[in-house]
Amino acid sequence: MQNIFNWQKTALLSGLLLMAFSGQLYAQSKADSLTEELKNEIFGRLKHFTFGFYIDAYYNGTINSQNDTSNVVPFAGNCPVQNQIRMNVAAIEIGYTSEKVRGKLAIQYGDAPNLLAAPEAQFIKNIRQANFGFRLGKKLWLDFGYFLNPVGIESSWPVLNYLSSVSVGGYYEVGSVLGIKLTWNYSDKFWGGIMVGNPYSLAYSKNNRMAGLTFIYYKPVPELTLNYNNFYGNAALTGTSPEHFLFYNNLIIQYNPLEGLGLTGQVDFAAQTNSQMEPNTDKTATMFSGLLQAKYTFAKKFYVAGRYEFFNDYDGFMSQVYHYNSKWRGLMTQGFSVGFEYKPVKIGYIRMEYRHLFAADGNYVFKSGESDQLQSVIFTTGVRF
């Protein structure tokens, strides 16, 4: 009888232990299930994000610069400090894209952001982009925030250019915009939109006045892209008189006739009211600039590129007025650049560029006012992923 009692007691205890252990197994299984759900939710959200990193270092060596008392290269859109090893940009990019929401944040540091920010706009110099938007329809987006201006093919980020340097015309193009953007993606061949907001321009510093922009892209065939952009607004700083209404037009043509060969042409035309030199200060002034450039890629890891550029701001409303051969007029330059790039890895590049700029005869705007020519050898290297 005692044995039977002991057996029953043992069986009862075993049953209780089994039930407890089974409960723990169930609880653990349930916990694992919740963890997987949480993981799936997290990774499901992360799949809409993109993360990027970019850093570019440079050396801009000016030829025959012994008498130059300034270490800053005139009209430089990037690589601005001469005869020193410097950092153009160190940046972090975060993007978000889903079916109905998108956003972009790019934080940047280095010489290029410092150069392109006016003193009264320094608070925004380290923000390259900061915007978000909502899909209003199948082909329509409405975005808010700080946007890159669509005017111009060149960028202060060398990695986005055929050649690292930026043309003089690109240096004076209108700046970024803090406002609203409406984009219409009609088809793969045609898209565009409008922007309204406050411009932050290198030429005009921070401006609290509203401006409007239009951008249109047309791609009739895969090898050809036509892009027209414009800007309209009062370029006079708030509280100043007279008003200076600026209408800036930018046309870009990109053509890839052969595999590995890219051709680009750009023409800019600007007109601004109340901006001619004395005695016609109430008249409209005009500016013309442009470039032609080509890039040829060979052996997958190498390319060569060349560019011709010109800039003519007769009344100096975008640049300033200089003394040319016993007369006064605005800045006029032309020049050419040639460059070579080697990509040791897919995400990295090493570039060497030679640049020669000419100012109008007798206009000594380079090398601390000692020369009307500027010759530079520019070395840049960077990674972006």
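What you see below is based on every heavy atom in this structure, not just the backbone, and it leaves out hydrogens, waters and symmetry mates.
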Taking C-beta and beyond as the side chain, do [X] and [Y] meet within less than 4.5 Å on heavy atoms?
| X | Y | answer |
| --- | --- | --- |
| Thr97 | His48 | no |
| Val196 | Met210 | yes |
| Ile94 | Thr50 | no |
| Cys79 | Val73 | no |
| Gln375 | Tyr354 | yes |
| Tyr218 | Tyr228 | no |
| Asn230 | Tyr232 | no |

message: Would Lys100 pass as a cation-pi partner of Phe134, given that its NZ or CZ must be under 6.0 Å from the six-membered ring centre and within 45 degrees of the axis?
response: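 Verdict for Phe134: no cation-pi partner in Lys100.
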Report the residues that fulfil ring-ring contact (aromatic ring centres under 6.0 Å, His included) with [X], sequence neighbours left out, ordered by chain and then residue number.
| X | result |
| --- | --- |
| Tyr58 | none |
| Phe336 | His356 |
| Phe379 | none |

Check this for me: [X], atom [atom1], are more than 12 non-hydrogen atoms of other residues, nucleotides or ligands nearer than 6.0 Å?
| X | atom1 | value |
| --- | --- | --- |
| Ile92 | CD1 | no |
| Phe340 | CZ | yes |
| Asp282 | CG | yes |

Point-to-point distance, once rounded to the nearest 0.5 Å, from [atom1] of [X] to [atom2] of [Y]:
| X | Y | atom1 | atom2 | answer |
| --- | --- | --- | --- | --- |
| Ile194 | Thr183 | CD1 | OG1 | 9.5 Å |
| Asn256 | Leu258 | CG | CG | 9.5 Å |
| Glu223 | Glu259 | CD | CD | 11.5 Å |
| Asn149 | Leu213 | CG | CG | 5.0 Å |
| Asn131 | Leu148 | CG | CG | 8.0 Å |

Quick one: do the [X] and [Y] side chains pair a donor with an acceptor below 3.5 Å?
| X | Y | value |
| --- | --- | --- |
| Asn312 | Arg329 | yes |
| Glu353 | Ser165 | yes |
| Tyr248 | Asp268 | yes |

Keeping the roles fixed (side chain from [X], backbone from [Y]), state whether a donor-acceptor pair exists under 3.5 Å.
| X | Y | answer |
| --- | --- | --- |
| Gln82 | Ser70 | yes |
| Gln276 | Thr284 | yes |
| Gln266 | Ile153 | yes |
| Ser187 | Lys189 | yes |
| Asn274 | His244 | no |
| Asn161 | Ser155 | yes |
| Ser368 | Thr69 | yes |
| Thr273 | Phe245 | yes |

Could you name each residue pair satisfying salt bridge (charged side-chain N to carboxylate O under 4.0 Å, His left out) that touches [range], not counting sequence neighbours?
| range | answer |
| --- | --- |
| residues 373-385 | Glu93-Arg384 |
| residues 332-345 | Glu341-Arg351 |
| residues 305-320 | Glu154-Arg307, Arg307-Glu309, Glu309-Arg355 |

Which heavy atom of [X] sits nearest to which heavy atom of [Y], and what is that distance?
| X | Y | result |
| --- | --- | --- |
| Phe358 | Gly335 | CD1-CA, 4.2 Å |
| Gly152 | Asn229 | N-ND2, 4.4 Å |
| Asp188 | Lys219 | O-CB, 4.2 Å |
| Phe311 | Gly169 | CD1-CA, 3.7 Å |
| Asn83 | Ser65 | ND2-OG, 3.2 Å |

message: Tell me if the centroids of the rings in Trp191 and Tyr217 come within less than 6.0 Å of each other.
response: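 Yes.
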Run through the side-chain heavy atoms of Ile, Leu, Val, Met, Phe, Trp and Tyr, join any pair under 4.5 Å, and report what else lands in [X]'s cluster.
| X | value |
| --- | --- |
| Tyr314 | Met277, Val321, Trp328 |
| Val267 | none |
| Leu160 | Tyr54, Val89, Trp157, Val159, Tyr349 |
| Tyr308 | Phe269, Phe288, Phe310 |

message: Would a single hydrophobic cluster contain both Val72 and Phe75, if residues Ile, Leu, Val, Met, Phe, Trp and Tyr are joined by side-chain heavy-atom contacts under 4.5 Å?
response: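 Per the 4.5 Å side-chain linkage, Phe75 and Val72 are not co-clustered.
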- prompt: How would you list, by chain and number, every residue that makes a side-chain contact (heavy atoms from CB on, under 4.5 Å) with Thr281, sequence neighbours excluded?
  reply: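 Checked Thr281 against side-chain contact (heavy atoms from CB on, under 4.5 Å); matches are Glu278.
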- request: Mind checking side-chain contact (heavy atoms from CB on, under 4.5 Å) for Thr297 and listing every partner two or more places apart, or none if nothing turns up?
  value: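 Applying side-chain contact (heavy atoms from CB on, under 4.5 Å) to Thr297 gives Lys295, Tyr303.
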- request: Apply side chain to side chain contact (heavy atoms under 4.5 Å, CB included) to Leu374 and Thr62, showing your working.
  value: CA-CA 7 Å; Leu374 179 70; Thr62 301; 3.6 Å; yes
